[in-house]
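Below is one structure, written out as structure tokens, with a few remarks after it.
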Amino acid sequence: MKISFTEEKLDNLFKNAAEARRLIIETVHHANAGHIGGPMSAVDVLVNLYFSEMNIDPEHPLAENRDRFVLSKGHSAIGLYSVLALRGYFPVEELKTFDALNSRLQAHPDMNALPGLDMSTGSLGMGISAAVGMALGAKLQNKDFRTYCMIGDGESQEGQVWEAADVASKYKLDNLVAILDYNKLQQFGWDGKGESRETPVIDPEKRWESFGWHVISIDGHNPAEITAAFSTARELSGKPTIIIANTIKGKGVSFMENAYLWHSRVPTDAELKLAVQELKVEEMR
Amino acid sequence: MKKTQLAEKTAMRDVFGETLLNLSLEDEKVYALDGDLANSTKVDTVASHNPEKFLQMGIAEQNMMSVAAGLATTGLQPWATTFAAFLSKRAIDQIQVQIAQPNLNVKMVGAYSGLLTGLTGKTHQALEDIAIFRTLANMVVLAPADSVEVKKMMEAAHRYNGPVYMRLARDPYPVIFGDDYQFEIGKAVLLREGTDVTIISTGTQTSRSLEAADQLEWEGVSVSVVHMPTIKPLDKQAIIEAAEKTGAIVTTEEHSIYGGLGSAVAEVLVEEKPVPMLRVGVKDRNSESGPNEEMLEKYEISSRYIVKAAKEVLKKK
């Protein structure tokens, strides 16, 4: 496997991810609403997609042959918006409109509101199926764009995820890459006691493999591993690929990590200050 | 007195399969999606004669509708077909979030709608589909009366860029329209003019309404019959004109009396031109499996019940 990336590129990915994390926390604080834990676990993969892996052009967000991305775990919208803003899809300043009336940055992604969002999501389990439709549409029309879709581990409790897994495999969609943001926490918890540390989806590798997918497991916060996994997926044929990105919910801010309460909590002014300080250190890496 | 002459019966689903085959041959963008009911819905015609345009999505309606949305974003025109019961109830969240809200060009065909679904019983009947689809913004809701209209409607839906839901009946129905019939989305069709009462019907109840009108004329009641093939967007003007002209309305549909055509017409009348009105549809109860004629009687939607409602509404004038 040949991996072509430089130290400089890795540095940029780190910096953009730290910057995106800061924007997530500041935006949720400003809007007084939104999710933090999931976007923070997802953001390294999102940065990698938009700054490295995908064939996209922020100047032409509806270009016919662009690569597609579907955020099936739509409640991580602010993670995606932060990355899109940094990538130049819209001014970073616009993040302040998140969740406001008439904003293009809806609580959950609305494809008609903001060019660059390839599918509307929010009700879980659906995005992966729409991504299957996009990849199938590319195959049927001999188009060479690729389709990427991020799903959540809590979301994997939705039966529709497995309906989609079945059909993607049936149609041999090797132009489709799913990424499981495997942060092992969900809103209230699989054990129903509110303090769950049990993973919402057991043995995702075995499950996806048995559905006929290529499975690659990585550290979902390591830009080199993420880049390598996407490169490997490009070389695999005959089957769709899923990247199991092992992540930490709330990654990047010590007191938010692995704390399910930060699924959708708004930071206080003091917490915001502390978090931003920690992320500055992260950015220096 | 003009007696309605109805030609022999043909099955909507046969014409549906043939028309979708033709559309798929004429337009490279058209694809048929099946939830493994192709030989019931007759979308198997596409599978047999244009297999490249037939996509088997398996018994997974939620995934099928989301896949259809994804296909539409790549420029294709998917026609997703399964029983109306599963489309309108099992996959409605997917349809709302990923098809109706984004206004995507997906055509949804609900086969086996209404009460008469070939002895399959209440799990396979759809008596709520009009009500459900009609509440979705951007959605066009269609219910053809015969096989000629099925073809014309599908051609209109194919030309229209946006989500369309169309409900079909399983069994053969009398042919009402000639080949020169012009269907337009959102336009009612005046089938018969009278002065005492107007029957406004949709889908399969239109041929039963014409039977009822014959009976009423024989009994000396002058009846208008307005066929309402588009439930959304609704032809409000036709309803107001009917109310002004005859001063009494009966609505009828092979659907629940709640939320369907009757409710839609009542909404218009109450706001624009209140006149006495009665609804003929399936009342607030669960149904069952049984032979067609017996089902129509037990659930009070046969032409006899339309006649009865027309006579009752006249007393309220």
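Every chain is numbered from 1 and lettered A, B, ... according to where its sequence line falls, protein lines coming before strand lines. These numbers were taken from a predicted model, which means no experiment stands behind them.
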As an exercise: rank [options] by heavy-atom pairs under 4.5 Å with chain A and give me the winner.
options	value
Glu52(B), Gln62(B), Gln98(B), Met64(B)	Gln98(B)
Leu104(B), Thr74(B), Ile59(B)	Thr74(B)
Gln56(B), Met65(B), Gln96(B)	Gln56(B)
Asn63(B), Thr73(B), Asp93(B)	Asn63(B)

Would the distance check show the side chain of Asp153(A) and the main-chain N or O of Val201(A) forming a donor-acceptor pair, the cut-off being under 3.5 Å?
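Pair absent, no side-chain N/O of Asp153(A) close to backbone of Val201(A).
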Please check: side-chain N/O of Ser289(B) versus main-chain N/O of Leu119(B), any donor-acceptor pairing under 3.5 Å?
no
Is the closest side-chain heavy-atom distance between Ile179(A) and Ile242(A) below 4.5 Å?
no
Indicate yes or no: at least one non-hydrogen side-chain atom of His255(B) is less than 4.5 angstrom from one of Asp129(B).
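A side-chain contact under 4.5 Å exists here.
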Test log, rule salt bridge (Lys or Arg N to Asp or Glu O under 4.0 Å), inputs Glu128(B) and Arg134(B)
CA-CA 10 Å; Glu128(B) 313 85 358; Arg134(B) 172 169 111 72; over 6 Å; no
Listed by chain and number, what are the ring pair (Phe, Tyr, Trp, His ring centres under 6.0 Å) partners of Phe86(B), not counting sequence neighbours?
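For Phe86(B) the ring pair (Phe, Tyr, Trp, His ring centres under 6.0 Å) partners, ignoring immediate neighbours, are Phe83(B), His124(B).
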Is it the backbone or the side chain of Met111(A) that comes under 4.5 Å from a heavy atom of chain B, or both, or neither?
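The answer is the side chain of Met111(A).
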Could you tell me which portion of Gln141(A) (side chain, backbone, both or neither) has an atom closer than 4.5 angstrom to a non-hydrogen atom of chain B?
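Contact with chain B involves the side chain of Gln141(A) alone.
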Give, as side chain, backbone, both or neither, the part of Gln94(B) having an atom under 4.5 angstrom from any heavy atom of chain A.
both
Arg234(A)/Glu53(A) ion pair, N-O < 4.0 Å
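Counted as a salt bridge, because a side-chain N and a carboxylate O are separated by less than 4.0 Å.
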Do the ring centers of His108(A) and His75(A) come within less than 6.0 Å of each other?
no
For this output row, return yes or no: ring centroids of Tyr81(A) and Tyr89(A) closer than 6.0 angstrom.
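No: the rings miss the under 6.0 Å criterion.
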Between Val132(A), Asp110(A), Val70(A), Leu136(A), which shows the greatest number of heavy-atom pairs under 4.5 Å with chain B?
Leu136(A)
May I ask you to name which of Asp166(A), Val167(A), Leu140(A) has the most heavy-atom pairs under 4.5 Å with chain B?
Leu140(A)
Non-hydrogen contacts under 4.5 angstrom with chain A: give the residues of residues 23-39 of chain B involved, or none if there are none.
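Residues of residues 23-39 of chain B touching chain A at under 4.5 Å: Lys29(B), Tyr31(B).
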Would one find more than 12 heavy atoms of other residues, nucleotides or ligands at under 6.0 Å from atom CZ of Arg90(B)?
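Not buried by this count: 12 neighbours or fewer within 6.0 Å.
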